[in-house]
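The basis for the numbers below is simple: all heavy atoms, side chains too, and nothing from hydrogens, waters or symmetry mates.
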Amino acid sequence: MPDLYPASTAKDVTLLAAAESARSQAIVTTRASVLAALAGLGALVTIAINYRNSRTAAHTLAITNQTFRIQQRGHLTDRYTRAIEQLGNSESIAIRLGGIYALEQIAVDTDRPGDQATVGEVLSAFFRHSIAQLGTPTRSVTDSSTPEAPQIPPLELSMDVLAALSVLSRLPRREGVDRADLGAAARNVNLTPALKPHADLTASELAHVRLADARLTGAHLDDARLDGAILTGAHLDNAQLARVDLTSADLTDAILASARLVDTRLTDANLTGATLTKADLTKADLTGAKLTKADLTGADLTRADLTRADFTGARLTGAHLSGAQLWYANLTYAYLKDAGLSLANLTGVNLTDAKLTGALLMGAHFTNADLTRADLTGADLTDADLANTRGLLRSQLTQAQTRAVASLPTNWLEESSTGE
C-alpha cells in the first residue's frame, strides 16, 4: 500500500524555507510601502492644511492692516479737523497756537508726503491771510525813490503768525514736498523772531523781508527770493544759499562764513564789513556789489562776475578768483596775499595800494588796470598781459616773477623815471 505522506527530503525542506522567507519579506516590504504612502499622504494633507491656514492668516492680516490704516486715516482726519477748527478760532491766540502745533505734529507723524504738503499749504495760507489783515505798507523801508518821505516801520507779527512761520521753517524735508508759500505777504515784515538756526525756507518768497541780526546758521534757503531783504548782522554761516536772489539786499556786517552761494545773485548788494571766510561764491553775480572791508579770506570766487564791485580795504587772503570777471572793480587797499587770480579779467580794475604779495596772476589780463603803488612782491605774473596798464613802475616788478610776462607797458620806463 502506497505511503500517503512521503517523507520530506532535505531539498524539499530547503525550498519550503526559502518560499516562506520570500513570503515574509514580501509582507514586510508591502507593509513598509503602505506605511510610507500613508506617511506621504499625511504630509500632503498637513501641507495643504498649513497652506490653507497660512492663506487664511495672510488674508486676516491684510484685513487687519487695512482696518488699521482706515482707522489711522480716520484718526488723522479727526486730528486735522480739530487743528483747523483751532486755527480758525478768532477769539483766543492760545487756541490758534494749539492748532498750529497740532498741524506740525500731524506733518511729523504722517508717512504720506501729501499730508505734509497740505499742512504746509494751510499754514502758508494762514500766514498770508494774517498779513493781509494787518495791511501791507505801500512803500518798503529800502525804497529810496522818495527820500524826503518818512520811513515806514516794518510790520510786527503776533505770536501765532510767528509760530506758523517757525513751524513752516522746520517741517521735515520730504522729496517732492514744497516749502512755505508766502507769496508777497512777507514784504517789509520783521521775521527775525520766527526763524531759528537750520530753518528751511527753500524756494520761499522772501523779497524785502527784515531779518536783521537773525540767527540762521545752517539755514536752507536755496532758490529763495531775498531781493531787497534787510539782513544786517545776520548769522548765515554754513547756510545753503545757492541760486538765491539777493539783488540789492543789505548784508552789512552779516556773517556768511563757509556759506554756499553758488550761482547766487548779489547784484548791487551791500556786504560792507561782511564775513565771507571760506564761502563758496562760485559763478556768483556780484556786479556792482559793495564789499568794503569785507573779509573773504579763503573764499572761492571762481568764475564769479565782480564787474564794478567795490572791494576797498577788503581782505582776500588766499581767495580763489580764477577766471573771475573783475571789470572796473575797485580793489584799492585790498589785501590779496596768496590769492589765485590766474586767467582773471582785470580790465580797468583799480589796484591802487593793493597788496598782491605771492598772488598767482598767471595769464591775467590787466588792460587799463591801475597798479599805482600795488605790492607785487613774489607775485607770479607768468603769461600775464601788462600792456596798457597804468601806474606800474619798474621797481614794483623787481621782486615779482616776471620771466615769462606776456607783455609789459610800452611807457613804463618813462613812468619809472618820473615816479622815482
Side-chain angles (χ1 to χ4, degrees), residues 72-138 140 152-174 177-216 219-221 224-226 229-230 234:
Q72 189 179 41
R73 291 298 302 166
H75 179 58
L76 196 67
T77 301
D78 291 339
R79 289 171 60 191
Y80 176 77
T81 302
R82 288 196 299 271
I84 293 297
E85 290 174 352
Q86 290 177 297
L87 190 64
N89 188 290
S90 60
E91 297 179 357
S92 172
I93 191 171
I95 293 176
R96 292 196 296 275
L97 284 169
I100 290 166
Y101 295 126
L103 286 170
E104 178 184 17
Q105 195 59 50
I106 289 171
V108 171
D109 291 344
T110 184
D111 56 357
R112 291 161 51 97
D115 292 336
Q116 180 174 322
T118 300
V119 169
E121 290 169 4
V122 169
L123 291 177
S124 295
F126 173 77
F127 180 89
R128 295 193 302 267
H129 176 73
S130 300
I131 299 297
Q133 295 287 84
L134 292 173
T136 304
T138 57
S140 168
I152 300 173
L155 290 175
E156 299 295 336
L157 305 180
S158 58
M159 288 177 58
D160 54 339
V161 181
L162 290 173
L165 181 58
S166 182
V167 167
L168 283 168
S169 71
R170 63 174 184 253
L171 288 176
R173 293 178 66 84
R174 286 197 170 97
V177 178
D178 294 332
R179 308 305 298 177
D181 179 14
L182 307 182
R187 177 181 288 265
N188 198 40
V189 175
N190 183 15
L191 302 182
T192 299
L195 301 181
K196 307 299 179 186
H198 305 288
D200 190 345
L201 287 168
T202 303
S204 295
E205 173 67 59
L206 297 166
H208 298 276
V209 298
R210 294 184 66 89
L211 285 164
D213 299 311
R215 297 294 188 265
L216 291 167
H220 294 269
L221 291 158
R225 278 198 61 184
L226 281 157
I230 306 297

Checklist outcome for this item: Looking only at heavy atoms, the pair that brings A199 and L216 closest together is CB-CD2, 4.2 Å

Checklist outcome for this item: Interatomic distance, CZ@R96 vs CG@N89, rounded to 0.5 Å, equals 6.5 Å

Checklist outcome for this item: Between L168 and the options D200, L123, L195, the side-chain contact (heavy atoms from CB on, under 4.5 Å) test singles out L123

Next on the checklist: Does H220 form a side chain to side chain contact (heavy atoms under 4.5 Å, CB included) with L201? I'd like the steps, not just the answer.
Outcome noted: CA-CA 6 Å; H220 294 269; L201 287 168; over 6 Å; no

Item to check | Separation between CD1 of I93 and CE of M159, rounded to the nearest 0.5 Å | outcome: 5.5 Å

Item to check | Heavy-atom closest pair, residues V161 and I131 | outcome: CG1-CD1, 4.5 Å

Checklist entry - Could you walk me through whether D115 and Y80 pass the side chain to side chain contact (heavy atoms under 4.5 Å, CB included) check? => result CA-CA 10 Å; D115 292 336; Y80 176 77; over 6 Å; no

Checklist entry - Checking side chain to side chain contact (heavy atoms under 4.5 Å, CB included) for the pair L103/T118: CA distance, chi angles, key distance, verdict? => result CA-CA 10 Å; L103 286 170; T118 300; over 6 Å; no

Checklist entry - When rounded to the nearest 0.5 angstrom, what distance separates CG in L211 from CD1 in I230? => result 9.5 Å

Checklist entry - Taking the side chain as C-beta and beyond, is there a heavy-atom pair between R187 and E205 under 4.5 Å? => result no

Checklist entry - What heavy-atom pair brings A102 and Q86 nearest, and what distance separates the two atoms? => result CB-OE1, 4.3 Å

Checklist outcome for this item: One should read off an interatomic distance between S166 OG and D160 CG, to the nearest 0.5 angstrom, of 12.5 Å

Checklist entry - Is there a side-chain contact between I100 and F126, using heavy atoms and a 4.5 Å cut-off? => result yes

Item to check | Nearest non-hydrogen partners of V209 and L226, listed with the distance | outcome: CG2-CD2, 4.0 Å

Checklist entry - Between atom CD1 of I106 and atom CZ of R82, what is the distance when rounded to the nearest 0.5 Å? => result 8.5 Å

Checklist entry - Side chains of L165 and L157: does their closest heavy-atom pair fall under 4.5 Å? => result no

Checklist entry - Side chains of S204 and R225: closer than 4.5 Å at any heavy-atom pair? => result no

Item to check | Heavy-atom donor-acceptor pair, R210 side chain to H208 backbone, under 3.5 Å | outcome: no

Checklist outcome for this item: Minimal heavy-atom distance between V108 and R174, with the atoms involved, is O-NH2, 3.9 Å

Item to check | Stepwise side chain to side chain contact (heavy atoms under 4.5 Å, CB included) test for L221 and L206 | outcome: CA-CA 10 Å; L221 291 158; L206 297 166; 4.1 Å; yes

Checklist entry - Is the shortest distance from a Lys or Arg side-chain nitrogen in E104 or R170 to a carboxylate oxygen in the other one below 4.0 Å? => result yes

